Peer 1: 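What follows is a single structure, and I will ask about it in a moment.
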Protein chains: 2
Amino acid sequence: MATIEDVAKAAGVSASTVSYVLSGKRSISAPTRRRVEQAIATLGYRPHAGARALASARTEVIGLTIPLRSGIDVPVIMQFAGGVVTRAREHSHDVLLLTQDDLEGLERATNGSMVDALVVMDVEADDARIPILTRSRQPSVLVGLPRDASGLSCVDLDFEAAGRLAAQHLSELGHRQVAMLGAPPEVVDRHTSYVDRVMRGFAEGAPDHGLDAKVVSCPGAPAEVARVVDELLAEAPGTSGLFVHNERALPHVLSSLREAGRSVPGDVSVIALCPEDVALAQQVPMTAIDLPASTIGSLAVDMVMARLDGGQHAETRLLTPVLTTRGSTARH
Amino acid sequence: MATIEDVAKAAGVSASTVSYVLSGKRSISAPTRRRVEQAIATLGYRPHAGARALASARTEVIGLTIPLRSGIDVPVIMQFAGGVVTRAREHSHDVLLLTQDDLEGLERATNGSMVDALVVMDVEADDARIPILTRSRQPSVLVGLPRDASGLSCVDLDFEAAGRLAAQHLSELGHRQVAMLGAPPEVVDRHTSYVDRVMRGFAEGAPDHGLDAKVVSCPGAPAEVARVVDELLAEAPGTSGLFVHNERALPHVLSSLREAGRSVPGDVSVIALCPEDVALAQQVPMTAIDLPASTIGSLAVDMVMARLDGGQHAETRLLTPVLTTRGSTARH
DNA sequence: ATATCAATTCGAAGCGCTTCGACGCGGCAG
DNA sequence: CTGCCGCGTCGAAGCGCTTCGAATTGATAT
């Protein structure tokens with residue numbers, strides 16, 4: 001591989017001059033710059049990332065932790081990761097992939113100076129990673145809301161408001177008896193922050209709007225979804241409004257309802273909380289609160305970058321949920 | 001951050017000794033090793049990745065390119081990526097995430113010595129990345145089969161055999177008129193290698209088994225799936241066997257059939273080509289050819305590692321497809 | 001007692017880059 | 001004509017680690 005010395009020789013300048021051409025940190029005369037750029041192009045030179053990191057204490061890489069475990073809504077994660085990677089590139093950074101529960105990996109990435117900053121997904125209320133992040137030199141932004149976020153940036157959809165919004169909307173449509181189908185039990189038990197928050201928002205918002213509400217968790221497998229729906233309809237036959245926060249279960253909820261002889265939206269209004277494309281991919285285009293995963297990913301990167309080069313302070317940003325009416329809800 | 005010098009001082013040895021303790025490349029007496037390890041633990045020392053890469057010409061990172069574009073079966077990719085990351089960790093490597101069409105990123109990663117090796121997903125017949133990979137110093141393995149793979153390792157499910165297998169199975173069940181619903185048109189047009197290969201396998205295998213077969217591409221949106229299915233049933237009303245290679249469309253294919261008054265598997269047998277969990281998540285548990293994405297990911301990493309430290313030669317490995325009979329097929 | 005050897009450990013060089021201080025040079029004001 | 005200033009460039013130091021050859025030591029062989 002060509003080194004900066006090779007380029008310097010080819011351009012008839014010193015290595016430092018090449019470096020300054022690359023970084024723009026000192027002024028370089030137009031002819032010199034041209035010669036250097038020419039040499040770089042013909043040699044196909046790329047700076048050695050390690051050498052650069054060593055000398056400058058900057059890696060131009062950000063770490064991203066993603067969950068690989070069960071019960072997760074995969075498309076949401078992919079959209080989120082896509083948003084992160086895309087925006088990171090726009091800030092000329094690459095992305096190092098870490099997995100959720102690899103604490104050692106986090107240490108390696110931070111203390112080993114593999115990354116300049118971190119984006120951490122799917123944060124739990126008392127997340128084991130938080131102490132590591134707090135201690136680390138690199139800024140980080142959490143996606144989700146831990147119990148104690150002191151000194152850390154957070155970003156997320158305002159899931160509690162989303163829960164309330166769903167309740168309010170069902171109320172405005174004239175429903176009185178409603179229910180929420182949430183994440184699978186195993187996810188609920190982990191107390192991943194957003195899961196808790198939606199449920200709380202819905203459960204607390206419903207009575208405020210005069211609703212009689214049930215909240216149940218819901219597995220993803222078709223047979224189990226059917227069972228949950230059947231049980232629900234048996235216990236509360238008057239249920240006419242449903243709020244579903246579970247991508248995998250969503251299609252099966254719709255077919256279970258149909259199978260139970262309840263039409264959507266004729267007999268039952270259904271509101272989903274999911275990405276737009278998922279809402280549109282159902283048998284009935286869903287009235288839904290958008291889960292703007294890609295946007296959140298981009299935003300997370302913007303925030304972490306601002307802290308990197310702006311010295312910006314830690315902040316928490318919650319996006320206001322937006323509900324779009326489509327074909328799965330009707331006045332009651 | 002603590003450096004290797006700090007550790008050396010704390011342990012009363014030289015830096016090189018610490019290095020040898022870490023790498024195990026020279027023998028170290030038990031007491032010395034103990035003191036060094038103790039110092040490392042109390043200081044929380046982690047070697048600086050950049051410095052290490054610079055001195056050793058090894059980064060302990062592998063690059064992974066994943067597709068973020070439209071029409072892609074997201075869960076498959078996630079499973080694949082999960083397999084790669086998990087196995088990479090077992091080889092004590094981290095993973096740098098690159099996106100499909102970021103050629104500049106590929107150059108940066110390889111020529112810039114950011115990675116030791118590469119795993120490239122979703123390879124097209126004439127993939128623009130192949131010349132870069134061939135030129136690069138690092139070994140790489142492609143997931144998929146390009147037209148010309150000289151000097152590069154490849155691994156994939158034997159999609160052509162999968163297509164043939166589906167045809168054979170439908171034939172054995174007694175079907176005579178069958179059809180394949182493939183990937184969305186935009187994906188087919190890209191000539192992603194596996195898409196072409198399944199279609200070819202099915203189209204060529206069907207006549208061998210005395211089948212009358214149609215092959216059509218299929219969008220993912222519910223309304224469009226319904227249209228495609230209806231058209232198919234109109235043109236070839238005798239169709240009693242279906243082979244579906246399109247995860248997103250799969251649930252809608254099943255409901256479209258039902259809506260058209262054809263029961264599964266009573267009137268129509270349906271075979272899917274998808275991961276096992278997707279097959280099980282349908283309304284009817286699907287007879288399916290498994291797409292072992294996670295396994296392929298692990299294997300890709302194993303292959304690339306073998307080349308890294310074994311000097312192993314480039315090789316191509318195609319996994320034999322396995323069909324599992326479940327509830328969506330019946331004798332005809 | 002001396003030569004030899006294996007087992008450990010050390011010192012120094014060097015990986016490729018950034019960055020700081022210094023230098024040379026032409027143009028300007030005095 | 002002299003002194004300054006600023007622009008453009010260079011040289012050297014140093015980032016933290018690995019690795020090679022060499023040095024030290026105690027033990028074994030002669």
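If you're wondering where the values come from, they're calculated on a predicted model, not measured in any experiment. A note on names: the letters A, B, ... follow the listed sequences, proteins ahead of strands, and every chain is numbered from 1.
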Peer 1: Ion pair present between A:Asp158 and A:Arg197, side-chain N to carboxylate O less than 4.0 angstrom?
Peer 2: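 Salt bridge flag = no for A:Arg197 with A:Asp158.
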
Peer 1: Does A:Arg46 reach the side chain of B:Met114, with side-chain heavy atoms less than 4.5 Å apart?
Peer 2: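 Sidechains of B:Met114 and A:Arg46: no contact.
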
Peer 1: Could you write nucleotides 9-20 of chain C as a row of B, S and -, 5' to 3', where a protein heavy atom under 4.0 Å of any base atom gives B, of only sugar-phosphate atoms gives S, and otherwise -?
Peer 2: BBB--BBBBSBB

Peer 1: I need the single residue from B:Arg58, B:Arg307, B:Arg137 that forms a salt bridge (charged side-chain N to carboxylate O under 4.0 Å, His left out) with B:Asp116. Which is it?
Peer 2: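 So, applying the salt bridge (charged side-chain N to carboxylate O under 4.0 Å, His left out) to B:Asp116 and each of B:Arg58, B:Arg307, B:Arg137, only B:Arg58 qualifies.
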
Peer 1: If the threshold is 4.0 Å, N to carboxylate O, is there a salt bridge linking B:Asp127 and B:Arg147?
Peer 2: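 Result for this pair is no, no salt bridge flagged.
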
Peer 1: Is it true that A:Asp101 and A:Arg129 have a side-chain N and a carboxylate O under 4.0 angstrom from each other?
Peer 2: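 A salt bridge is absent here (no side-chain N lies under 4.0 Å from a carboxylate O).
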
